[in-house]
Number of protein chains: 2
Amino acid sequence: MGDTISTDAEIFIAKFSSYVDLSEAEIRVIEELTRDCMAFDENQDIIQESEKNASAYLLQSGWAIRYKIVPNGGRQIISFLLPGDIFGFRESLFDLSDDSVQALTPVRVHRIPAEKIADICDNSTNLSLALTWARAREQAILMEHIVRLGRRNAYERLGHLLLELLHRLQLVDKAGRSDYFLPLTQEVLADTLGLSIVHVNRTLRKLRNDRMIELDPQTRRLKIIDQEALSERAGYDQTFLDQSALTQDCVNDAVG
Amino acid sequence: MGDTISTDAEIFIAKFSSYVDLSEAEIRVIEELTRDCMAFDENQDIIQESEKNASAYLLQSGWAIRYKIVPNGGRQIISFLLPGDIFGFRESLFDLSDDSVQALTPVRVHRIPAEKIADICDNSTNLSLALTWARAREQAILMEHIVRLGRRNAYERLGHLLLELLHRLQLVDKAGRSDYFLPLTQEVLADTLGLSIVHVNRTLRKLRNDRMIELDPQTRRLKIIDQEALSERAGYDQTFLDQSALTQDCVNDAVG
DNA sequence: CGGGTCGTTGAGCCGGGTCAAGCTGGGTGG
DNA sequence: CCACCCAGCTTGACCCGGCTCAACGACCCG
């Protein structure tokens, strides 16, 4: 993550620009939104369970997770929040949302009060569309996670997740061609994939032995050696992430 | 489902009314939207994989599933679509959405072209909010499904799902106090819960033996004998479905 | 130097999968 | 009206992927 970003707005401008043409004014709006910023430490909660908080957040840097605790004490990680992601809007609609968002690494976010969101959406179809698109994409990722949990074995789950993270990070320029910084403990992987820590450990070993990945537990650098082979083996199809798949036709239809 | 609905609009009006106050004009919009209607037979696809179709659907009657096929031939059911549900909007944003929607029973839907959606949202904050809320709720259900698959055993998964369906059906007046018509084969349950057919069968038997449920495979009538006990046993908390949890504060914030 | 967090490995067990067979009831054609 | 078929349900026997328990190792930090 040693890249240099001149302003915090850049990552969001780049992300949105890949599927809509932003005007000068819209770019200025984004720059204003990203002017002030909140920092969270590792393991600190960003949104607490049952917090009534009508605002959204732009994730500037670092990794976060959305998770729920089940009655018997277990934790299920629902999704990863990566730089460039937007979150927290849905929660604001419910009095009680029983999921929480927590920083996995030091994190920087930009908070957007709900009234500002409404204001922005009213005044810019492009930005309104961007928000709609971000939510649609988030939903596609959740659906893929359901398939991963329901119909894949441990080896496939791990391979599939590692590929998804690679591609999501690449879209925001936070990964190399085949490697990235993976700040996850084996416990976090286990709680994401519905597996035990021990089995995650053994499955990672298998992936290493098969020369699918290289992972240095010290530096936390993950390298996917053969994306093609791993995609095949894990049943990975990155269609669900493609933002280029948004056609201008659809855009026009959707905004009327 | 022998209830009498004077017009198709009623179910949606009732649903939306539970968290926003609809104006006369908005009610007329809904009535117009539900004027014409498409019918699908059992097992017929409503939205095909990779269909580029910029429209949304209101589900009037019947059950449908959203699912994906995995490379090795398995099927994962991602969600159930019940009367009163809205679907198909997200798909319209992507060129390729790799999930499909299929009727489980005979189904009636109202199709809404994308430009009409945009038009409606522009002219009614209430209806725009309703759409936003419906999406948020759908996402909450997906998240709960992830927890179910990742951190619960077969017994809990089944119990949890049967309770969720009861409560969702009750909200649209399609279930009794503790029983409903469940048009699902054990294969459908298996593909939803990430289990094998055989194990679903045995687990249903356990639920019956424990006097948690009664289920007649012929009539397909399911009765949940002790909701309290089953909720406890399955770790079920219906918070994630509560629409009353939408506070007026939030509404005001969200629409600015 | 001691404690804490995370990773690693072995041994044994069990929840749930697989395979295979039989059952049941409704639908269809002769 | 019966014979057959077929989809869905049921049950038994066996197996295996993944879990649990337990111990140990490696590193970091105070």
Side-chain angles (χ1 to χ4, degrees), chain A residues 41-43 63 70 72-77 102 104-105 148-161 181-210 213-222 233-234, chain B residues 41-43 63 70 72-77 102 104-105 148-161 181-210 213-222 233-234:
Chain A
D41 281 339
E42 217 168 309
N43 296 327
W63 288 45
V70 292
N72 62 301
R75 172 180 68 163
Q76 177 63 44
I77 293 175
Q102 188 180 63
L104 273 185
T105 68
R148 193 156 52 203
L149 289 168
R151 280 287 171 256
R152 299 191 212 274
N153 62 28
Y155 194 97
E156 295 162 347
R157 286 183 210 181
L158 250 174
H160 194 278
L161 176 64
F181 174 67
L182 180 77
L184 309 183
T185 64
Q186 295 183 354
E187 183 176 12
V188 168
L189 286 170
D191 287 350
T192 303
L193 297 174
L195 300 169
S196 67
I197 301 178
V198 173
H199 201 61
V200 166
N201 182 292
R202 291 196 234 266
T203 307
L204 280 172
R205 165 160 309 284
K206 248 180 244 169
L207 283 162
R208 264 188 263 116
N209 286 345
D210 291 352
I213 63 170
E214 274 167 8
L215 175 57
D216 180 348
Q218 247 51 57
T219 68
R220 299 246 120 114
R221 197 85 200 165
L222 174 81
R233 192 69 206 295
Chain B
D41 280 340
E42 218 170 307
N43 295 328
W63 288 45
V70 291
N72 62 301
R75 173 179 69 162
Q76 177 63 44
I77 293 174
Q102 188 180 65
L104 273 185
T105 68
R148 194 156 52 202
L149 289 169
R151 279 286 170 257
R152 299 192 211 272
N153 63 27
Y155 195 96
E156 294 163 347
R157 285 184 210 181
L158 250 173
H160 194 277
L161 176 65
F181 174 67
L182 180 76
L184 308 182
T185 63
Q186 295 183 354
E187 183 176 13
V188 168
L189 287 170
D191 287 349
T192 303
L193 299 173
L195 300 168
S196 67
I197 301 177
V198 173
H199 201 61
V200 165
N201 183 289
R202 289 197 235 265
T203 307
L204 279 172
R205 165 161 309 284
K206 247 180 245 167
L207 282 163
R208 263 188 264 117
N209 287 345
D210 290 353
I213 63 169
E214 274 167 9
L215 175 58
D216 180 348
Q218 246 52 54
T219 68
R220 299 245 118 115
R221 198 85 200 165
L222 174 81
R233 193 68 207 299

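Protein chains get the first letters and strands the later ones, always in sequence-line order, with residue 1 at the start of each. FYI, side chains are in, hydrogens and waters are out, and symmetry mates aren't considered; it's all heavy atoms of this structure. Since the model is a prediction, treat every value here as computed from it, not as a measurement.
- For the pair Arg152(A) CZ and dG18(D) C1', the computed distance is 18 Å after rounding to whole Å.
- For Leu189(B) and dG16(C), the CG to C1' distance is 16 Å, given to the nearest whole Å.
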Identify the pairs formed between an N or O of the protein and an N or O of nucleotides 7-14 of chain C at a distance under 3.5 Å, and give each distance.
from	atom 1	to	atom 2	distance (Å)
dG7(C)	OP1	Arg220(A)	NH2	2.7
dG7(C)	OP2	Gln186(A)	N	2.9
dT8(C)	OP2	Gln186(A)	NE2	2.7
dT8(C)	OP2	Asn201(A)	ND2	3.1
dT8(C)	O5'	Asn201(A)	ND2	3.4
dT9(C)	OP2	Arg205(A)	NE	2.6
dT9(C)	OP2	Arg205(A)	NH2	2.5
dG10(C)	N7	Arg202(A)	NH1	3.2
dG10(C)	O6	Arg202(A)	NH2	3.4
dA11(C)	N6	Arg202(A)	NH2	2.9

Please write out each protein N/O paired with an N/O of nucleotides 25-30 of chain D under 3.5 Å, distance rounded to 0.1 Å.
none

Mind running side-chain contact (heavy atoms from CB on, under 4.5 Å) on Leu189(A) and Leu195(A) for me, showing each step along the way? CA-CA 8 Å; Leu189(A) 286 170; Leu195(A) 300 169; over 6 Å; no
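- Residues Glu187(B) and Ile77(B) fail the side-chain proximity criterion, which asks for heavy atoms closer than 4.5 Å.
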Stepwise, does the side-chain contact (heavy atoms from CB on, under 4.5 Å) test hold for Thr185(B) with Val188(B)? CA-CA 5 Å; Thr185(B) 63; Val188(B) 168; 3.4 Å; yes
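- Between Asp191(B) and Arg151(A) there is a side-chain heavy-atom pair separated by less than 4.5 Å.
- Residue Thr192(B) comes nearest to Gln76(B) through the heavy atom pair O-NE2, 2.9 Å, listed as atom of the first residue, atom of the second, then distance.
- Separating the CG atom of Asp216(B) from the C1' atom of dG8(D) is a distance of 14 Å, rounded to the nearest angstrom.
- At a threshold of 4.5 Å between non-hydrogen side-chain atoms, the residues Glu156(B) and Asn72(A) do not count as touching.
- A straight line from CG of Asn72(A) to C1' of dT20(D) spans 14 Å, rounded to a whole angstrom.
- Annotation: side chain of Leu207(B) is not in contact with side chain of Asp210(B) (no heavy-atom distance under 4.5 Å).
- To the nearest angstrom, P of dG18(D) lies 13 Å from CG of Leu149(A).
- When rounded to the nearest whole Å, the span between CZ of Arg157(A) and C1' of dC19(D) equals 13 Å.
- How far OG1 of Thr105(B) is from CG of Asp41(B): 10.0 Å, rounded to the nearest 0.5 Å.
- The CG atom of Asn153(B) sits 11 Å away from the P atom of dT20(D) (whole-angstrom rounding).
- Arg208(B) places a side-chain heavy atom less than 4.5 Å from the side chain of Arg205(B).
- Between His199(A) atom NE2 and dC19(D) atom P the separation is 6 Å, expressed in whole Å.
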